[in-house]
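Here's the structure we're looking at; comments come further down.
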Amino acid sequence: MSLDTELVLDWFAETARDLPWRRPECTAWGVLVSEIMLQQTPVARVEPIWREWLERWPVPSAMAAASQGEVVRAWGKLGYPRRALRLHAAAAVIEAEHDDVVPSDVDTLLGLPGIGAYTARAVAAFAYGQKVPVVDTNVRRVVARAVHGAADAGPPSTTRDLADVDALLPEEGAAVYSAALMELGALICTARAPKCADCPVFGECAWQIAGRPAYAGPVKVAQKFAGTDRQVRGLLLDVLRGTSEAVPKAKLDVVWSDAGQRDKCLHSLLVDGLVEQTAGGLFALPGEHR
DNA sequence: GATCCGTGGTC
DNA sequence: TGACCAAGGAT
């Protein structure tokens, strides 16, 4: 089974969103920044921040010269702020070891902090035009439906997923094809209510042909948020993001009533390097009050 | 492989 | 309205 390359590419050419990191003038660094920001964060929230970042830090060495705190603050509320720290660290490695040029080799990219199986191949494909399988949640869902006839993708398995998608890639235009599969999953073959009537591969979709069977895989466990450490860490960090001053612990204590959980979360933020304690015992974003 | 890690929009 | 979802990675 395969997905008709022409149908997918033609649809993409007509329908694709004009996102700044897809423009020909966008650098590999711009692509890398976009891929990190887009991990688990929707396009609409990423775009304005991405524009700020590329203007402020147009090359890796520019970001490496900034403090960690500046980067965490500029990350704003994109979520999962450890990504900002890891991107900052990756920028330093790229400056020091790669002549300020984002590597094009997948294995080299995989060695950089914050870059995993998806991001490494996304950069290789979208920034350097390489024919490598780019597998994100969208692609997994599109392939599950159109190729395997399942309502949704089962649990991820990097090895299997990569081989799966690799078999679909055309010899020419593989990178654009990968972008097209992602766009198809983002705009048409969506998780909740897929717009099958608008789908370019409706006629060859294995899921349609099979009569749209219900999802048969293992039940996915929903992640909670309210009351978790994730929420508390977010609240604590938001206090520090909102001020340029180092603050006493009392300023942090007001965000959560459970002192045990609060302290545990503050400690974990310190361990992660997202928060620093000054010589005077105050708390601040890292690198701004030493 | 399961769990943890933010945040806000949607139906 | 609350559960689900969004271009994952690290451990």
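Protein chains get the first letters and strands the later ones, always in sequence-line order, with residue 1 at the start of each. All values below were derived from every heavy atom in this structure, side-chain atoms included, with hydrogens, water molecules and symmetry-related copies excluded.
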### Query
Rounded to whole angstrom units, what separation is found between the CD atom of Gln261(A) and the P atom of dC5(B)?
10 Å

### Message
Could you check whether any side-chain N or O of Trp29(A) sits under 3.5 Å from a backbone N or O of Trp57(A), counting only pairs where one atom can act as donor and the other as acceptor?
### Response
yes

### Query
Using the C1' atom in both, what is the distance from dA2(B) to dA7(C), to the nearest Å?
22 Å

### Distance, rounded to the nearest Å, where Asn138(A) contributes CG and dG8(C) contributes C1'
12 Å

### Query
NA contact type, Gly116(A), heavy-atom cut-off 4.0 Å: base, sugar-phosphate, or nothing?
sugar-phosphate

### Query
Does Gln40(A) place a side-chain N or O at less than 4.0 Å from the phosphate oxygens OP1/OP2 of dG8(C)?
yes

### Message
If I pick the C1' atom on dT7(B) and the same atom on dT11(C), what distance separates them, to the nearest angstrom?
### Response
23 Å

### Query
Counting any heavy atom closer than 4.0 Å, what does Leu237(A) reach on the DNA or RNA strands: base, sugar-phosphate only, or nothing?
nothing

### Task
Rounded off to whole Å, could you give me the CZ-to-C1' distance for the Arg121(A) and dG8(C) pair?
13 Å

### Task
Using a heavy-atom cut-off of under 4.0 Å over every strand shown, decide if Asp272(A) touches base, sugar-phosphate, or nothing.
nothing

### Message
For the backbone of Glu6(A) and the side chain of Trp11(A), can you confirm whether one donor and one acceptor N or O come within less than 3.5 Å of each other?
### Response
no

### Message
Counting only side-chain heavy atoms from C-beta out, which of dT7(B), dA7(C), dC4(B) sits nearest to Arg241(A)?
### Response
dT7(B)

### Task
For the pair Asp152(A) and Arg140(A), find out whether any cationic side-chain nitrogen is under 4.0 Å from an anionic carboxylate oxygen.
no

### Task
Mind running side chain to side chain contact (heavy atoms under 4.5 Å, CB included) on Leu32(A) and Ile94(A) for me, showing each step along the way?
CA-CA 12 Å; Leu32(A) 174 57; Ile94(A) 292 168; 4.0 Å; yes

### Task
Could you say whether Ala191(A) or Pro113(A) is positioned toward the 5' end of DNA chain C, judged by the nucleotide with the nearest heavy atom to each?
Ala191(A)

### Task
Remember a base hit wins even if backbone is also touched, and classify Thr190(A) as base, sugar-phosphate or nothing at under 4.0 Å, heavy atoms.
nothing

### Query
Got a donor-acceptor contact below 3.5 angstrom from the Arg83(A) side chain to the Ile36(A) backbone?
yes

### Query
Taking atom C1' in both dA10(C) and dG1(B), what distance in whole Å separates the two?
13 Å

## Note on the structure
Between Gln223(A) and Ser157(A), the residue closer to the 5' end of DNA chain B by nearest nucleotide is Ser157(A)

### Query
What is the nucleic acid contact for Arg233(A), judged by heavy atoms within less than 4.0 Å: base, sugar-phosphate only, or nothing?
sugar-phosphate

### Task
Can you tell me, in whole Å, how much space there is between the P of dG2(C) and that of dC5(B)?
23 Å

### Query
Arg86(A) CZ to dG8(C) C1': how many Å, rounded?
10 Å

### Query
Across the strands shown, which category fits Pro81(A) at heavy-atom distances under 4.0 angstrom: base, sugar-phosphate, nothing?
sugar-phosphate

### Query
Between the base of dG9(C) and the side chain of Thr119(A), is there any donor-acceptor pair under 3.5 Å?
no

### Query
salt bridge (charged side-chain N to carboxylate O under 4.0 Å, His left out) with Arg22(A): which of Glu35(A), Glu47(A), Glu183(A)?
Glu183(A)

### Nucleotide nearest Val221(A) when distance is taken to its side chain, options dT3(B), dG8(C), dG6(B)
dT3(B)

### Task
For Ala226(A), report the nucleic acid contact type (base, sugar-phosphate, nothing); a contact means any heavy atom under 4.0 Å.
nothing

### Query
How would you label the contact of Thr228(A) with the nucleic acid (heavy atoms, under 4.0 Å): base, sugar-phosphate, or nothing?
nothing

### Message
Please classify the nucleic acid contact of Trp21(A) as base, sugar-phosphate, or nothing, using heavy-atom distances under 4.0 Å.
### Response
base

#### Entry: Atom-pair distance (CD on Glu183(A); P on dA7(C)), nearest Å
10 Å

### Task
To the nearest Å, give me how far apart CZ (Arg82(A)) and P (dA10(C)) are.
10 Å

### Presence of Lys77(A) side-chain N/O under 4.0 Å of dG8(B) phosphate oxygens OP1/OP2
yes

### Message
Given dG8(C), dG8(B), dC5(B), identify the nucleotide with an atom nearest to the side chain of Arg45(A).
### Response
dG8(B)

### Task
Please tell me which of the listed nucleotides, dG9(C), dC4(C), dA7(C), lies nearest to the side chain of Leu19(A)?
dA7(C)

### Task
Please report, rounded to the nearest Å, how far the P atom of dG2(C) is from the CD atom of Gln231(A).
14 Å

### Query
Under 4.0 Å between a side-chain N/O of Arg141(A) and OP1 or OP2 of dA6(C), yes or no?
yes

### Task
For residues Leu181(A) and Asn138(A), determine if any side-chain heavy atom of one lies less than 4.5 Å from a side-chain heavy atom of the other.
no

### Message
I'd like the C1' distance from dG6(B) over to dC5(C), given in whole Å.
### Response
14 Å

### Task
Could you tell me the separation between the CD atom of Gln39(A) and the P atom of dC5(B), rounded to a whole number of Å?
17 Å

